[in-house]
Amino acid sequence: MSLKQESRNKAFEGSLTKYSFESTALGGLTAKINVFLPPGASSSHKVPALYYLAGLTCTEDTGAQKGAFLAEASKQGIAVVFPDTSPRGAGVEGEDKDWDFGTGAGFYLTATSDAYKKNYNMYEHIVNEIPKALEQANLGIDKGKVSIFGHSMGGHGALSLYLKNPGHYRSASGFAPIANPTECQWGKKAFSGYLATPEEGKAYDSTILLSSWPQDRKLALKVDYGSDDQFYKDGQLRPEAFQEALSKAGTQGEVEIEKREGYDHSYYFVSTFASEHVAWHAKFLKV
Ligand SMILES: N[C@@H](CCC(=O)N[C@@H](CS)C(=O)NCC(=O)O)C(=O)O
C-alpha cells in the first residue's frame, strides 16, 4: 500500500499534498487523501495529526480548500489529513442515484449489507488504513498523537469514531454534526442501505455511544452548530439529544457545545470557527 503523489502545493509555509493509493478497506478501489504538513515536519521531527472528515456530497478537497484550517494548523505545528467521504466507482447499482446516499455519503461505517460490504468500509479506511499508509510513507506524522473533527456527516464520523475507540483519538469535534443518526432521515437511510439490519446503526450513533464511554476516562468533545442551519431545523442534526445523553452519562472531561446565532450549514459557518477548533485540538495534541 504505497502512496502515489498526485499534486503538491506550498501553503502557509507548509505543504498540501494529494496522494492516491489502492485501498484494501475499500475493496481495491483507488482512494485519495490530502495531507497538510506544517513547516518543519519530517521523519526526525514528527508532528501530531488532526483528521478532518467532510460531509455529504464532499470529497478530500472540500475541507482543504474551503475549511480555512491550514493557517492555524501551520501556526500550531499540526498536520491535517483530509480523507474522501466514500469509495469512488464501486459500481453498486443505485450508489449514484441520491446525493445523500452512496457516492459522497459513506457515513464512516463498515457496511454489512450484501451490496455494499465489499467497498463501503470508510470506518476501517479512516481508523486504521490511512494512518498505516502515512506511517509507512514516513512523512513526519506522529501516529500516537491523533485527533479528529468533521462537518455534518463528517461530524458524525468524528464523534462516533472517537467514542467507539476510547484512547485512540485525543479529542473530537464537530461542526453541525449529525449527532443522533438513528433518529434522523439521513441516518435511517444510510443505515438501512449499508447495514444488514438497521439495528446495527446503534453502534455508530454518537448519542447512544456516550453511554458506553468508560467512566474513568475524561471526554474531550466540542460541538458547534448554527441556529439558522436548515438541516438542524429539519431535525437531521439533533445536538440537543446528544447534549441530553451527555448529561445523563455524567462523564467528566472537557465538553463544549455551542449554538451559534445566525449561522447556517455552509462552509461560511465552518470557516468562521475553523481556527478555534484547530487551536482547541492543539491543547490535547501538544501535551
Ligand atoms: N447537495 C445538498 C446539500 C448538501 C450539503 O449541504 N452538504 C454539505 C455537507 S452535509 C456540504 O458541506 N456541502 C459542500 C459545500 O458546501 O461545499 C442539497 O442539495 O441540499
Side-chain angles (χ1 to χ4, degrees), residues 11 16 18 32-34 36 50-70 80-88 94-109 120 122-123 125-126 148-161 172-194 201 204-207 222-242 259-260 262-278:
L16 183 78
K18 186 188 285 271
K32 290 186 177 157
I33 55 171
N34 279 304
F36 173 74
L50 185 51
Y51 280 66
Y52 177 77
L53 307 183
L56 295 163
T57 73
C58 295
T59 71
E60 73 282 0
D61 290 331
T62 316
Q65 293 174 350
K66 295 166 78 175
F69 306 121
L70 306 189
V80 189
V81 181
F82 300 92
D84 203 347
T85 57
S86 76
R88 304 273 159 184
E95 73 176 340
D96 293 324
K97 196 163 81 44
D98 297 331
W99 64 269
D100 56 359
F101 183 80
T103 305
F107 260 84
Y108 305 106
L109 47 68
Y120 278 69
M122 292 301 287
Y123 177 89
H125 182 56
I126 309 287
I148 191 160
F149 67 157
H151 173 225
S152 196
M153 175 186 72
H156 142 72
L159 300 182
S160 61
L161 266 50
S173 74
F175 305 91
I178 302 171
N180 187 196
T182 59
E183 296 295 334
C184 77
Q185 288 310 312
W186 279 338
K188 285 179 185 173
K189 182 169 175 174
F191 295 155
S192 63
Y194 297 134
Y204 298 99
D205 187 314
S206 298
T207 294
K222 179 174 171 63
V223 167
D224 281 296
Y225 63 102
S227 65
D228 273 3
D229 180 328
Q230 198 52 50
F231 297 122
Y232 163 60
K233 292 185 199 169
D234 291 347
Q236 298 279 23
L237 310 180
R238 297 176 55 79
E240 291 89 354
F242 185 72
K259 186 179 193 170
R260 304 292 190 169
Y263 285 92
D264 60 24
H265 197 71
S266 71
Y267 268 82
Y268 295 109
F269 158 66
V270 174
S271 56
T272 298
F273 299 100
S275 304
E276 201 178 295
H277 277 242
V278 175

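When a ligand or atom number is given, it counts from 1 through the structure's own listing order. Side-chain atoms are counted along with the backbone in the values below, which use heavy atoms only and exclude waters and symmetry mates. No experiment lies behind these values; they were computed from the predicted model shown.
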Student check: side-chain heavy atoms of Phe231 and Leu56 closer than 4.5 Å:
no
Salt bridge check: are Lys32 and Asp61 linked by an N-O gap of less than 4.0 Å?
no
Any N/O pair Leu56/ligand 1 closer than 3.5 Å
yes
Check the orientation of Phe269 and Tyr263. Use parallel for under 30°, tilted for 30 to 60°, and perpendicular for over 60°.
tilted
Met153 and ligand 1 - part of the residue with a heavy-atom distance under 4.0 Å
neither
Number the atoms of ligand 1 from 1 as they appear, then name those within less than 4.0 Å of a heavy atom of Tyr267, with their elements.
12 (O), 15 (C), 16 (O), 17 (O)
Is the distance between the ring centroids of Tyr52 and Phe69 under 6.0 Å?
yes
Does ligand 1 have an atom that lies less than 4.0 angstrom from a heavy atom of His151?
yes
Consider ligand 1: state whether an atom of it lies below 4.0 angstrom from any non-hydrogen atom of Ser266.
no
Just wondering, do Leu237 and His265 contact through their side chains at under 4.5 Å, heavy atoms?
yes
What protein heavy atom sits nearest atom 20 (O) of ligand 1, and how far away is it?
Trp99 CZ2, 3.8 Å
for atom 14 (C) of ligand 1, nearest protein heavy atom and its distance come out as Cys58 SG, 3.5 Å
Are the ring centres of Tyr194 and Phe101 closer than 6.0 Å?
yes
Atom 6 (O) of ligand 1: closest protein heavy atom, distance to 0.1 Å, is Phe231 CE1, 3.6 Å
Within a distance under 4.0 Å of any heavy atom of Lys66, pick out the atoms of ligand 1 and give their elements.
15 (C), 16 (O), 17 (O)
